[in-house]
Amino acid sequence: MYGLVLEGGGAKGSYQIGAVKALYEMGYKFDTITGTSIGAINGAFLALGKIDEAYSIWENAELSKAINTDKETFTKLLNFDIKTKDISKILNYIIETVRNGGLDITPLRKLLNDNIDEEEIRNSDINFGLITVSFTDANPIEVFIKDIPKGKLIDYIIASASLPIFKLDKIDGKSYIDGGFYDNCPINLMSETGIKDIITIEIAGAGIKRKIKKDDLNIIRIRPSRKIARTIEVNPEITKKGIMYGYLDAYKVIKKLYGTKYYIKIEENEEKFINEILKLSDKKIKKIYKLFNFEGRVNKKNVFEIILPILGRMLKMEDDYSYMDLFIRFNEKIAEYLLIDEMKIYEFNEFNRMISEKMDFNESISFNSTYKYIPFMHLPQQIELLPKNVIKKILTKLFIIYYGEEWKYA
């Protein structure tokens with residue numbers, strides 16, 4: 001049984017619900033959940049088994065469901081979209097917010113009161129813990145449900161997510177602020193239970209990450225493979241994407257999917273790609289030589305030792321890449337050019353076939369005389385600085401040559 005740790009990060013929390021949905025599908029169960037800030041809010045839903053409710057809330061997320069505020073002015077501030085005509089209104093908005101003690105989060109409290117039953121969570125089979133910080137005492141508060149005074153659960157969850165810009169209620173006369181000011185990813189709190197197998201869903205939230213105290217933990221980390229949202233960027237279009245990226249990234253980590261921008265399941269091994277290269281006809285090799293302005297002998301050795309390293313530099317590969325890595329990235333880049341859907345899991349052969357179906361193998365590709373490029377003669381760093389439009393043409397032409405039928409190049 002694994003423990004689940006949910007990092008704080010505001011609106012990025014939609015990612016966590018997508019990731020947990022994938023983990024459940026893959027058979028994972030959790031007997032303990034710890035969270036900070038939005039991680040504490042999501043964790044409370046999950047401790048109650050309310051993933052569907054949490055999923056629905058995030059799918060339909062709106063700023064007004066968390067904060068009472070002038071959405072238009074708030075959004076302008078968030079996006080730094082401030083024009084001269086807006087300055088007076090924005091200044092008044094800031095002054096009024098400060099005068100009122102911060103942003104009113106009454107809607108968030110209502111949402112939690114409507115969905116989180118304290119008695120039910122106390123009786124849940126899943127232990128639930130969170131972190132907040134007592135501003136009054138300048139002390140971190142790391143607690144599990146058994147340590148939270150009865151009737152105060154919602155207060156503690158809100159305290160864990162209390163950004164300084166929020167108008168905050170006191171708990172027993174004390175003020176609290178976001179748990180991210182002490183530990184935004186409560187792995188240490190989880191380890192106190194004796195659990196060693198831990199899955200963390202980290203969302204690059206602003207806050208302190210404390211050094212892990214124990215060195216015998218087995219930690220699987222799920223992290224966003226791309227930007228998902230800003231901390232207070234709440235709207236359905238963004239949160240739905242966050243859910244989907246969390247879902248796909250969880251599968252990517254657990255099932256070891258490949259790809260930088262895409263999610264690719266591959267059964268083949270390195271040998272398969274090497275054999276493909278070895279099967280290249282002399283006719284195709286000559287066309288590849290011509291594309292790269294290389295005048296060496298037509299043999300596979302030059303393809304492996306000269307052409308493919310140039311391709312690797314164009315694709316900005318890491319130094320230790322394999323041929324399989326290279327061809328996956330090559331296919332990804334062409335898929336990106338062709339606007340192939342990123343939001344699904346592909347088998348590699350399916351992915352390559354989809355690219356081929358969208359590719360015009362009869363396309364005539366010419367290069368602007370302004371960029372009379374000679375990749376083979378460029379120094380490595382100059383290859384990497386080739387204009388993007390030239391790189392796109394080179395890679396597209398290479399795909400046409402490599403994967404096309406012989407008769408199409410007669």
Side-chain angles (χ1 to χ4, degrees), residues 6-21 35-46 48 50-83 86 89-90 92-94 96-98 100-117 154-155 157-169 178-180 201 203-207 224 226-249 343:
L6 302 173
E7 185 180 44
K12 301 175 185 181
S14 62
Y15 179 94
Q16 293 176 337
I17 297 303
V20 172
K21 185 174 187 295
T36 297
S37 195
I38 195 62
I41 293 174
N42 283 337
F45 276 86
L46 297 173
L48 288 169
K50 289 190 170 185
I51 186 168
D52 291 338
E53 289 86 343
Y55 199 99
S56 178
I57 288 168
W58 278 112
E59 269 199 318
N60 300 285
E62 292 281 1
L63 185 66
S64 61
K65 295 177 182 178
I67 302 171
N68 272 331
T69 192
D70 177 347
K71 180 179 177 181
E72 181 183 353
T73 305
F74 181 85
T75 303
K76 285 181 182 291
L77 269 172
L78 181 66
N79 296 326
F80 296 101
D81 180 19
I82 302 172
K83 297 180 173 60
D86 299 322
K89 183 179 180 181
I90 287 173
N92 287 334
Y93 173 84
I94 294 171
E96 188 67 19
T97 300
V98 172
N100 290 332
L103 294 169
D104 178 13
I105 57 171
T106 300
L108 174 61
R109 181 175 284 275
K110 182 178 185 309
L111 184 148
L112 294 178
N113 279 325
D114 289 346
N115 289 278
I116 305 298
D117 184 295
I154 301 299
D155 294 331
I157 292 172
I158 289 176
S160 181
S162 294
L163 295 173
I165 60 172
F166 293 160
K167 182 179 180 180
L168 306 175
D169 295 326
D178 195 290
I201 306 179
I203 48 179
R226 67 201 74 206
K227 182 179 177 182
I228 47 177
R230 283 176 290 179
T231 302
I232 313 182
E233 192 170 29
V234 185
N235 71 64
E237 182 181 350
I238 290 173
T239 54
K240 282 178 183 177
K241 283 186 178 179
I243 291 170
M244 196 61 196
Y245 287 138
Y247 180 87
L248 291 168
D249 281 342
M343 308 281 273

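Annotation: salt bridge (Lys or Arg N to Asp or Glu O under 4.0 Å) contacts of K21 (sequence neighbours excluded): E25. Every residue meeting the ring pair (Phe, Tyr, Trp, His ring centres under 6.0 Å) condition with Y247, not counting sequence neighbours, appears here in chain and number order: Y251. Partners of K110 under the salt bridge (Lys or Arg N to Asp or Glu O under 4.0 Å) rule, at least two apart in sequence or in another chain, are D114. Annotation: side chain to side chain contact (heavy atoms under 4.5 Å, CB included) contacts of L111 (sequence neighbours excluded): F45, I57, N115. Looking at residues two or more places apart in sequence or on another chain, you find no side-chain hydrogen bond (donor to acceptor under 3.5 Å, both in side chains) involving S160. With sequence neighbours excluded, the residues forming a side-chain hydrogen bond (donor to acceptor under 3.5 Å, both in side chains) with D104 are N68, T106, listed by chain and number. In this structure D178 satisfies the side-chain hydrogen bond (donor to acceptor under 3.5 Å, both in side chains) test together with S37, sequence neighbours excluded. A61 pairs by the side chain to side chain contact (heavy atoms under 4.5 Å, CB included) definition with W58, V234, T239, not counting sequence neighbours.
Considering every non-hydrogen atom in both G8 and I203, the closest pair reads O-CG1, 3.6 Å. Across all their heavy atoms, Q16 and I201 have their closest contact at NE2-O, 3.2 Å. Across every non-hydrogen atom of L6 and G39, the tightest pair is CD1-O, 3.4 Å. Y245 approaches I228 most closely through the heavy-atom pair CD1-CG2, 4.1 Å. The heavy-atom pair separating A44 from I157 by the smallest distance is CB-CD1, 3.7 Å.
Here the side chains of E59 and P236 are not in contact, with every heavy-atom distance at 4.5 Å or above. Counting only heavy atoms from C-beta outward, the side chains of V20 and N42 never approach each other to under 4.5 Å. At least one side-chain heavy atom of I243 sits under 4.5 Å from a side-chain heavy atom of S14. Inter-residue side-chain proximity for K12 and I38 is flagged as unmet; no heavy-atom pair is nearer than 4.5 Å. Here the side chains of R109 and D155 are in contact, with some heavy-atom distance below 4.5 Å.
One N or O on the side chain of S162 and one on the backbone of I158 form a donor-acceptor pair closer than 3.5 Å.
In this structure, CG on N60 lies 12.0 Å from CG on N235, to the nearest 0.5 angstrom. To the nearest 0.5 Å, atom NZ of residue K240 and atom OH of residue Y55 are 9.5 Å apart.
Few gaps surround NZ on K50; more than 12 heavy atoms of other groups in view lie less than 6.0 Å from it.
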